[in-house]
Amino acid sequence: MANIPPWITEMNERLTRKSHSAFILHLNIHDPVMNYTVDRVLTDSMFKSATSGMRIRLPMHMDRTRALFFNDDDDELLFRIVIGYAKNQQHENIWTNSGISTTGNGPLPRSPELTWPIIQQYVKTYSKHQLFTMPEAKRLELFQGEPPSMFPSSQNRMPLPMALFVHNAPLIAPAGDSAHLSVGDRTNVQALLNLAKEDDMNNNVILFANNLLELHSYLISPTSRFHAVRIPYPNEDARKQWMMKISFEGKKIIGAKDATHWARISSGLRLNDLRDLFSRFLPELPSDEQFVLAQEQIMQTEFGGILEPIHPRFGWDFVGGLEHIKRALNLVIDAIKEGQDNRVPMGLLFLGPAGTGKSIVAEALAYEAKINAVALNLSRVYSKWVGESERNLEQAIEAIMSLTPCLVWIDEVDQSFQRGEEGDSGVSQRLFKRILEVMSNPGNRGKVLFVGASNRPDRIDAALKRAGRFDRKFLFEVPGQEQRASIIQVMIRRYAETAKVKAGDVASLAESTKGWTGAELESLTIKACDLAGRDGGDVTGKHFKDALQFIRCATKETDFMTALAILEVDDLEFLPDSYKADFDQKVKWAEKVVAQGRK
């Protein structure tokens, strides 16, 4: 088959080397692969001879409700012949008369825990069965003249090693303390471990799970002999190609231009999600606003608000001031675009008072670098159910890894990351440790860029601030007069469809708003636009002056928060130019302000 996904190639290599015969496929297990289900693709790509095209495994399936089932009657008949268990008395009589030994007849067990003995019987005996050992001519003679329903068709008459696909495996071998599992679940876990450790590595077991942590810990342990294979979310090109195949009443409805646009803004969605999204609007196509809203609803359902897509709307042109930060981040952007991963920091930490542009800069960074961006809300990871918090975090991490290259925005880091206390049974400690592992994994450098923001860096755990995690720290301070003028001009371009604000008006506004943050200047601009709308005309300097009567500067403790940020910055290159000449004096000022603020 053409265009084999890398994860299938990985499985094939491990099968060829005989390093593994059992696998756990996780994350994006329900999306079609090359227009087929995952188990169908594996059957056709891995379990068929590359030369003859004949299959080399007998595919079997298991789930919680149907227990053991097969692709067709031929496969079930072959399985029954090997274990000597006929469908009914008529089958048993004919098989016995044909020289095939039987042990009885009837339906197969209807629960997984009762199915393992016959699966083990098949694994142990298929290669020794008389059908396997007798000459081909005798085998054909044996079947000659018998009703087709009594024996498999000619191409399926040779017993083969099995490929057992266990669907929704967490329902069969769920996570949890073994002592609290039912007898049936404990039986399932042990049986799967036994199959994975079979000496005959020609038999394969493939488990399907959305999240690895939903499976019993014994199965995901390094000693289990199961190898975990992550099926990633579709990349931009895969999403584009899929959307171009969507049809209504036999006609394709999405052209290349629209598909390219929607593929670019649909990170975090699976192919099935896209199909469902467009089905809401057919025969029409959604607007951009409808598309983004539907995407957010899908991801809310999938991740419960833990992971939210960010759609960057603008780049540096719409970020006023902060020139020293733009220069520093352009170095990061260049490294990302050029693939120089060793020059990309593991994480960036934006520090300073609220409203100084931290979130806007993160958004513009993703826009300029042309990478995916998501917001990680760690406060929503926690659940009252045992093990659910860890599973939530792991699912979010897996999704992030499938979106690479990806910017991960974490607001209010000082509140999001907490080691926790003894009262939560160690959940917070485990989550904190897992986040540290991901952030400091060298393999993620250049692929996942964590960007955090805080106005209280003194409350951030020291382990997060060391090199290799949030290893570059930037100071966002209350803008000076020149920066305020730049911010006002940017805000006018962003919010005013038509404006007649003179340069002198902008300069006067910048002078009148000393101590205002960027967020407050944004509020001022929005108010001016509102007043202009009521007048039915363009936005003018007068509307801004009128807006000043209503909007007030409300951000508090800006000096204290700025001082805290100054004390955290450990690379002078990333400071404003005005700081570099007398940085020692700035530090002394900051130490004094912080000492007074803590009294």
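Between D185 and R64, at least one side-chain nitrogen of the basic residue sits less than 4.0 Å from a carboxylate oxygen of the acidic one, meeting the salt-bridge criterion. Looking at D63 and R66, a side-chain N of the basic residue comes within less than 4.0 Å of a carboxylate O on the acidic one, giving a salt bridge. Look at D44 and R40 and you find a salt bridge, because one of the NZ, NE, NH1 or NH2 atoms lies within 4.0 Å of a carboxylate O, short of that distance. Taking 4.0 Å as the cut-off between side-chain N and carboxylate O, E390 and R434 do not count as a salt-bridged pair. Using a 4.0 Å cut-off between charged nitrogen and carboxylate oxygen, E394 and R391 do not count as a salt-bridge pair. Ion pairing between E198 and K124 holds under the 4.0 Å rule for side-chain N and carboxylate O. The pair R80-D75 does not meet the salt-bridge criterion, since no charged nitrogen lies less than 4.0 angstrom from a carboxylate oxygen.
Paired with N210 under the rule side chain to side chain contact (heavy atoms under 4.5 Å, CB included), one option of Q395, E302, H30, E398 passes, and it is H30.
No side-chain heavy atom of V374 sits less than 4.5 Å from a side-chain heavy atom of I310. Proximity of K370 to R264: side-chain heavy atoms (C-beta onward) are nowhere separated by under 4.5 Å.
For an aromatic pair to be called close, the ring centres must be under 6.0 Å apart, and F278 with W242 fails this.
Residues passing the side chain to side chain contact (heavy atoms under 4.5 Å, CB included) test with A163, sequence neighbours excluded: F47, R57, F165. Judged as a side-chain hydrogen bond (donor to acceptor under 3.5 Å, both in side chains), and not counting sequence neighbours, the contacts of R275 are N272. Under the rule for a side chain to side chain contact (heavy atoms under 4.5 Å, CB included), the partners of S266 that lie at least two apart in sequence or sit in another chain are R239, M243, L269, L274, F291. In this structure, the ring pair (Phe, Tyr, Trp, His ring centres under 6.0 Å) partners of F69, at least two apart in sequence or on a different chain, are H61. For H311, there are no ring pair (Phe, Tyr, Trp, His ring centres under 6.0 Å) partners at least two apart in sequence or on another chain.
Nearest heavy atoms, L376 versus L307: CD1-CD1, 3.9 Å. In this structure, I56 and M46 approach most closely via the heavy-atom pair CD1-O, 3.8 Å. Between N28 and P234, the closest heavy-atom pair is ND2-CD, 3.7 Å.
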- Task: Quick one: do H91 and T102 satisfy side-chain hydrogen bond (donor to acceptor under 3.5 Å, both in side chains)? Show the steps, please.
- Result: CA-CA 10 Å; H91 273 78; T102 60; over 6 Å; no

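One side chain, D200 or Y126, offers a donor N or O that lies under 3.5 Å from an acceptor on the other. There is no side-chain donor-acceptor pair under 3.5 Å between S247 and K252.
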Scan the side chains in residues 218-226 for donor-acceptor partners under 3.5 Å anywhere in the protein, sequence neighbours excluded, and list what turns up.
unit_1: S221; atom_1: OG; unit_2: T223; atom_2: N; d: 3.3
unit_1: S221; atom_1: OG; unit_2: T223; atom_2: OG1; d: 3.0
unit_1: S224; atom_1: OG; unit_2: L219; atom_2: O; d: 2.8
unit_1: S224; atom_1: OG; unit_2: S221; atom_2: O; d: 2.9
unit_1: S224; atom_1: OG; unit_2: F226; atom_2: N; d: 3.1

